Structure formats: structure tokens, C-alpha cells
Amino acid sequence: VNINKDLVAASATPLVLAILAQGESYGYAILKRVRELSGGELEWTDGMLYPLLHRLLRLGYVTTEWRTPPEGRRRRYYAITEDGRAALAEQQRQWVTVTRALGGVWRGSGWLPTALGEA
Amino acid sequence: MDGVEAQIAEWRAYVAQAPAVNGRDVDELDAHLRDQIAELGAAGLTADEAFLVAVKRMGDLDTLSREFAREHRGRLWKQLVLSDEDEPARPSSRWLEALVFAVVAGAAVQVARLAAHFPDDDSEWLLRNVSLFVLPFLAGYFARRRQLDTRRWVLTAAPFVLAALVVNLYPYRADSATEHLVAAHLPVVLWFAIAYPYMGGTIGPHGRRMDFVRFTGEWVIYYALIALGGGVLLALTALIFEPIGADVEQVVQWVLPSGAAGAVIVAAWLVESKQHVVENMAPVLTMLFTPLFAVMLTIAAATYAVSGVAGAFDRELLGVFDALLVVVLGLVLYAMSAREPSLPAGTMDRVQLLAVASALVLDVMVLGAMVARIGDLGLTPNRAAALGLNLVLLVNLAAAAWLSMRFLTGRIAFHRLERWQTSYVPIFALWAATVVAVLPPLFAFT
């Protein structure tokens, strides 16, 4: 599936926050995780992740720190804050509502197999 | 591998050219690129191939730099103007446009003076209305530059028409205090009215509001510089022409007002187009003056606390403290606009908090004494205006101090401070409008 640009943009913030909620990470690893999670269907232009991370930083949703792991290169790590978790919870509520509505209408018209099932 | 190192270095240099991308961002993107190359290399690509794919995945630089610009407005400020989408550049005719508006504003002031029979009359009417002969042209200049549609032009004009009506239909008594208050507050009201065309016909977005605050600060600096230069020019003119018997005074009387009016537009144009000059000055000026003000305010607060306020009182004092709070607020806003929001709290933030806290302590003492005095002597228009302004500023600075304390202890992000200030901007406009429109009838135009 080729996912619509607006949809990719809209889902970017909750995705990044959710990934960071599982533990701190850095840009490249976050992108890899996104690819993994979406089975390669969600293709981001790599560079675009960074302005997004900086926005989350400005809003106080994440904190950041430059660090050099024992065997690896210097990277900028991001970790989620309390505000970030609150924002993520709010986003989750919104997405659940949207997917539930879509799921309802699609199940009703018999278009939807099971994909949206539990949402 | 050397070949790839050279290529990466070249790519770095290329990315670093984008105005909104700073050195730390380039480091971050660089690390990303290397991770990607390493992984692709492990999958069997040659170094060259891996580099090409990694760069391709990073996205093309134009889009990338625009995304960075959208997030880091403050950094891009020096390159202004980042309008909504890709505003078509119209570089050449811009100074001409500004010049036309400046000349018209300069001429309008002269027309107003002739209408008021200057210099025969010491005209109250002129004093009250003078900003209405200058600032509409600044609004028009921005409305044109931002290419507003007809509806937005009308909305831009509305506050000016309204103000003209209010100021001229009210029956002020001769030489009344309310009339002087209106003369002092109307320019402030109209300045806020300019925010609407400046922000491209919106009043909402907080980022844009911060741009306007920043614009105001830079405008003041440019205006002061122009005024200084103009002053030197006029003084030299006087010295040179006096000996040959020319009546310089007469000339200055006519040149000065036009110059002052035109400079309003020229300063705005300078802020818009020569931003990077001031951009380098703003952080330096804040660094210089924040500590000095902090020292002055702390000593003043300590002195007043020891000696007591009541002794030092006269009728002007509340006005002086209003001016002080305005300056402190200006300093806070200026520092805020020059600050990189994502940096952690530093010494400067602490010094600034000290300045604000001392100003607050001082002000609360003065305010207490002043309220007692008003209780004794009654409320005059001047006292009401000063008291109101004081309260408006006090609330702003108290909350700013509270928020920056929480920021310093790491409990909130800097963004929240910014948000507070940008949310508060309309309150200033409302208060100034209240003084212009509500206070005069309230005090029966005395």
C-alpha cells in the first residue's frame, strides 16, 4: 500500500512518542523501528524525522543528550518526559476513536476483513 | 573508505548552508548518514553505492531545509520572511515600496500639521491624532507585502477607522487628563493593530505572535539608531548653517516630524530585510544589559526595603515604576526571542529571574503605598491608568517569574514560558484600548 502523505504526517508524532515510551533512542534507530513496525509500508524521508524530534523537544515532550556508547559513534539520544507521555495518551485516545469509527463503517459494509478488528 | 569520507564532508558542507540548520543538527544528520552507510555496507553494497542510497533516503535538501525552517523559526528569522508556503521572492522593488510608504507618511504628517494650523496653535487635536497619520501607512505597507486579500485589507483598516472615530467624537474638556492619556495610549493600540497585517492576516498562531514581539524589539533598536543618526545630522546642519545666518530652527521644525514619521516605515523595512545585522546584536545586548539591570534592581529593592517606600513618594512614582516594569518586560521578551528554545537552563536565565523578582518586590511595595494613597485622595484618570498598567504588568511578570522558576528546576520546558508571553500579548492591547475608549467616558472626559 502506498500510504497517503497526510496520513504519514499525522501518524508521525504518536509513532515517535510511542517508540520513545518503550525506551530512549536515537534518530536512526527510531526510523528502523518505524519500518519494522509497519512492515516497511510506512516510508519516511529520513531527514524529516529530525525537525519532528526538535519540535517534540521544544514542546517539552522529550529530552535529549549527546552520548557516545562504548562501541559506537556519538549520537543524540532522546527520552520521553511526563508531558510527552500525557501527549501520547491523548493521541492514543484520538486514534482509537478514529479507527473505531472507520472500523465500524467498514465492517458494516463488508469491506473490512479483520485488519482493524481490535482497534 | 577515504573516498566516502570526502563525500560525507562535502555533503555536510552542503547541508550546513541551509539557513535554519545549525552545526548540531548537521552532526545529528551526519551520525544518521553514517549509521545508514554502515548498515548498507554490511548488506553488501560498496561504499559509494551505500553513500548514494543513504543521501537519497535523507531527502532532498530543499524540502529538508524547509522543514527545519518551519520548526526553527527563530533561526530563520535572519533570513525572513518564511510565509505560509513558498512565497514567491520579489527582491528588487522592495526598498522602493518601503520608500513610497515612508514618503507618504512623512507628507501626511505635514498635512495634519497644516490642518491644525501649526505652529500658531499648540494643538491638542494634533497630539491626539498624530499616530493616526503615521501607523496606518505601516499597516498598509505590511498588508501589501503580505499580499492580503480584500477582506483582510478591510479588517486591517477597521481598527484604525474605529480609533479615529472614538478619538475625535469624544467631547474632551479643554486640557483634560483623559485627552493626554488617549494621546499616549493610542499609538500602543494602533501598534497592536499592525500585528494583524504583519502576521499575514491572522492573530492566532503563537509562533507568529512571537515573530511580532521580536519584530517590535528589533524595530525599536533600528528606530533608535535612525533617530541617533538623524540627531547628529540635524545638529551638524545647525552648526554649519548658523554662521551664515540661515534660520535653521525653522527648517528643523518642518524636517523633523516628517523624518520621524518616515523613519517608522524605514525601520520596519530594515527589520524585514536586514535582519541578520540585528540578529547578531540581540543576544549581545541581552547578555550585556540583563546583568546590569539585575544589579540595579536588586540594590534598589534592598534600599527601598530598608528605608521604606512612603518617604520617597510623589505623584510621579507609580509612573516611574510602570516604565521600569515595561523595560524589565522588554528585556525578558527580548532575551526570550534571542534564545534557542531547546537549550537547557543556564546562568543567564537565573540572572534574568533575579532581575524580574527584584522588580516585582519593588513594585509590590510601591503598589501597596499607592493604593493607600488612592484610598485617601481618590481615583483620578492618571492614577487609574497607571494603576491598571501596573497590574497588567505585575500579573505578567509574576507568572513569568513563577514559570521560569519551574523551568530552572527542570519541571517544565522553555516552550511554556514562550507560550505564556504570546498568550498574554492581547491583554496589553486590550488594556491600551480600554484607556482610549472606556476611561474618558468613565471620568466624564475630565
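To find a chain, count down the sequence lines: A is the first, B the second, and so on, and within it residues start at 1. As the structure is a computational prediction, the values presented were derived from the model and not from experiment. Below, all heavy atoms of this structure are taken into account, side chains as well, without hydrogens, waters or symmetry copies.
Atom OH of A:Y77 sits in a crowded spot, with more than 12 heavy atoms from other residues, nucleotides or ligands closer than 6.0 Å.
For the pair B:R146 and B:Y198, the cation-pi test (distance below 6.0 Å, angle within 45°) is passed.
Interface remark: A:R55 contributes backbone and side-chain atoms alike to the contact with chain B (heavy atom separation under 4.5 Å). With a 4.5 Å cut-off on non-hydrogen atoms, A:L49 does not touch chain B at all.
Judged purely by atom type and a 3.5 angstrom limit, B:S404 has no side-chain atom pairing as donor or acceptor with the backbone of B:F407.
Using the six-membered ring where Trp is involved, B:F428 and B:Y424 have ring planes that are perpendicular, over 60° apart on the 30 and 60° scheme.
For the side-chain contact (heavy atoms from CB on, under 4.5 Å) test, no residue two or more places apart in sequence or in another chain qualifies with B:L52.
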Hey, can you pull the donor-acceptor pairs under 3.5 Å for the side chains in residues 14-26 of chain A, sequence neighbours left out?
{"from": "A:E24", "atom 1": "OE1", "to": "A:R67", "atom 2": "NH2", "distance (Å)": "3.0"}
{"from": "A:E24", "atom 1": "OE2", "to": "A:R67", "atom 2": "NH1", "distance (Å)": "3.0"}
{"from": "A:E24", "atom 1": "OE2", "to": "A:R67", "atom 2": "NH2", "distance (Å)": "3.0"}

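Applying the salt bridge (charged side-chain N to carboxylate O under 4.0 Å, His left out) rule to pairs touching residues 408-417 of chain B yields nothing, sequence neighbours excluded.
The candidate from A:K32, A:E82, A:R74 with the greatest count of non-hydrogen atom pairs under 4.5 Å with chain B is A:K32. Between chain B and the residues A:G60, A:P51, A:A29, the most heavy-atom pairs under 4.5 angstrom are made by A:P51.
At a heavy-atom cut-off of under 4.5 Å, chain A is reached by B:D27, B:E28, B:L29, B:A31, B:H32, B:R34 from residues 27-34 of chain B, listed in order of number.
In this structure, A:L31 and A:Y28 have side chains that are not in contact, with every pair of non-hydrogen atoms separated by 4.5 Å or more.
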